[in-house]
There are 2 protein chains.
Amino acid sequence: MQNNIRVKLAVFSILEGKLVIHGDNHLPVTDLKKRESLDSCVSELFDNATGNTLSDFYSEQLYTVDHPFSVVYFALIPHFQILNKVAVFKPINSHKFGHPDAEIVSYALQRLQWKIEYTNVVYSLLPDEFTLSELQTVYEAILNKKLDKRNFRKKMLSLGLLTSSGRKKKGVKARPAEIYTFKSRNPQIVKIFS
Amino acid sequence: MQNNIRVKLAVFSILEGKLVIHGDNHLPVTDLKKRESLDSCVSELFDNATGNTLSDFYSEQLYTVDHPFSVVYFALIPHFQILNKVAVFKPINSHKFGHPDAEIVSYALQRLQWKIEYTNVVYSLLPDEFTLSELQTVYEAILNKKLDKRNFRKKMLSLGLLTSSGRKKKGVKARPAEIYTFKSRNPQIVKIFS
DNA sequence: CCAAAAGTGTTGCGTATACACCCATGG
DNA sequence: CCATGGGTGTATACGCAACACTTTTGG
């Protein structure tokens with residue numbers, strides 16, 4: 001009747017326009033202590049990995065596997081928020097083959113790809129203020145394909161998740177971009193199923 | 001480090017055009033035995049509940065909760081396949097309030113509602129042969145709303161999941177309906193994300 | 001011939017896609 | 001004045017929703 005329970009975490013971030021994931025050749029794992037909640041266990045893992053606090057970012061439970069028995073989560077954090085400077089983040093592609101957690105990474109990516117189509121969770125990969133181009137870069141990194149600029153902007157603005165700050169990015173050697181923020185930095189589902 | 005793991009199962013079926021769920025005032029649960037796989041544990045639960053074999057039907061893992069620690073699954077079975085004649089199946093609505101597993105049932109229903117929009121998993125609620133009206137009844141029970149007959153038929157046929165048998169239902173006191181089968185009785189995702 | 005359920009098309013609308021040029025700034 | 005990235009509109013295609021009558025059978 002007694003079993004060991006492990007909790008595993010995939011932490012995604014964006015680095016130089018690429019989707020990266022924490023961990024060198026495996027995802028961070030820890031044992032769930034007796035009477036410890038799943039939430040606090042994941043938070044601890046996240047703190048170890050990033051030096052930051054999970055409750056300030058987006059995370060969700062992915063799946064539970066056995067052999068060994070593990071509950072798997074993923075989380076999203078902007079790269080500049082990773083305070084743990086020895087943390088290793090590697091491009092998602094390097095986890096494709098031969099990686100012990102390759103299946104998990106692949107499934108997590110798929111879930112993330114679905115999720116960004118109908119929620120605002122990418123807020124958790126960006127600073128408070130950003131330009132539409134920066135936002136588009138994040139989408140392209142996650143979806144692993146180029147998007148059309150005009151269509152992307154139309155869609156994003158029509159979803160009503162963004163607020164224009166009225167200010168513009170200064171000091172760039174090109175036309176300055178409008179600065180946007182997310183209306184809410186909590187998970188919001190946008191497509192209503194009637 | 002040692003924790004008890006439980007496995008919980010929501011079994012859905014269709015009875016008299018209504019979505020029903022197995023269990024009287026709680027969902028069936030069992031302890032995961034040491035070194036037992038999740039799959040075999042769920043299969044055992046399903047067998048107890050229905051007298052039938054899980055591998056012949058559709059099931060999926062839903063979520064893992066703690067306090068108490070449980071991995072929750074749901075499964076779909078046509079009513080005539082329930083061989084255990086003492087099994088209790090109750091309409092989904094009776095689980096709305098005051099039910100100890102109400103949250104789980106509600107989440108399972110939501111997942112099921114999403115799933116039938118882009119997969120063929122309803123095969124697991126129907127006999128091999130069925131009419132489009134019977135299929136529509138199943139969709140209406142799950143979605144809890146009336147659907148337009150013409151639009152429903154157009155959509156179903158265009159998805160390419162069904163085969164017409166060429167035969168018609170005999171002995172009915174109205175115009176006999178064409179009999180259809182599912183091309184595949186394994187889970188198929190129809191919307192391709194390019 | 002009547003009751004009961006099966007079967008069948010068209011139109012409008014909203015959303016997704018494809019596509020190319022001008023604008024504002026720094027150096 | 002040039003290089004860099006920001007910003008904009010239109011036309012087409014496709015999927016979804018609304019909507020009513022005719023057909024086939026059994027009794």
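In the text below, chain A, chain B and the rest are named by the order of the sequence lines, each starting its count at 1. Since we're looking at a predicted model, the values are computed, not measured.
- DNA chain D lies under 4.0 Å from at least one heavy atom of each of the following residues of residues 125-142 of chain A: A:S133.
- Both B:V7 and A:L38 are members of a single hydrophobic cluster when ILVMFWY side chains are connected at heavy-atom separations under 4.5 Å.
- The residue among B:K149 and B:K154 whose nearest nucleotide of DNA chain C is located toward the 5' end is B:K149.
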(request) Any chance you could lay out the side chain to side chain donor-acceptor pair (under 3.5 Å) test for A:E178 and A:Y180, step after step, and finish with the verdict? (result) CA-CA 7 Å; A:E178 183 81 17; A:Y180 289 84; 5.4 Å; no
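- Taking all atoms of both residues into account, the shortest heavy-atom contact from B:E117 to B:Q113 is CG-O, 3.4 Å.
- In this structure, the NZ atom of B:K169 is 16 Å from the C1' atom of D:dT24, given to the nearest Å.
- Taking the six-membered ring for Trp and thresholds of 30 and 60 degrees, B:H22 and B:F89 have ring planes more than 60 degrees apart, a perpendicular arrangement.
- Distance check: B:L126 CG to B:N120 CG gives 11.5 Å after rounding to the nearest 0.5 Å.
- D:dC16 atom P lies 14 Å from atom CG of B:L143, rounded to whole Å.
- For the pair B:Y58 and B:L112, the minimum side-chain heavy-atom distance is 4.5 Å or more.
- At the phosphate of C:dG7, neither OP1 nor OP2 sits under 4.0 Å from any side-chain N or O atom of B:R150.
- By the rule that hydrophobic residues join a cluster once side-chain heavy atoms approach within less than 4.5 Å of another member, A:I116 and A:I14 end up as members of one cluster.
- Summarising the geometry, the separation between CG on B:L147 and P on D:dA18 is reported as 11 Å, rounded to the nearest angstrom.
- Here the side chain of B:N84 pairs a donor or acceptor atom with the backbone of B:N48 at under 3.5 angstrom.
- Distance CG (B:N151) to C1' (D:dC19): 9 Å, rounded to an integer number of Å.
- Distance A:F152 CZ to C:dC19 C1': 18 Å, rounded to the nearest Å.
- In this entry the distance linking CZ of B:R153 with C1' of D:dA17 reads 17 Å, nearest Å.
- For the pair A:E117 CD and C:dA16 C1', the computed distance is 11 Å after rounding to whole Å.
- One can place CG of B:L159 at 13 Å from C1' of D:dC16, the figure rounded to the nearest angstrom.
- In the region residues 170-183 of chain A, proximity to DNA chain D at under 4.0 angstrom, judged on heavy atoms, holds for A:K173, A:A174, A:R175, A:P176, A:A177, A:E178.
- Here the two rings, on B:Y73 and B:F46, have centers that are 6.0 Å apart or farther.
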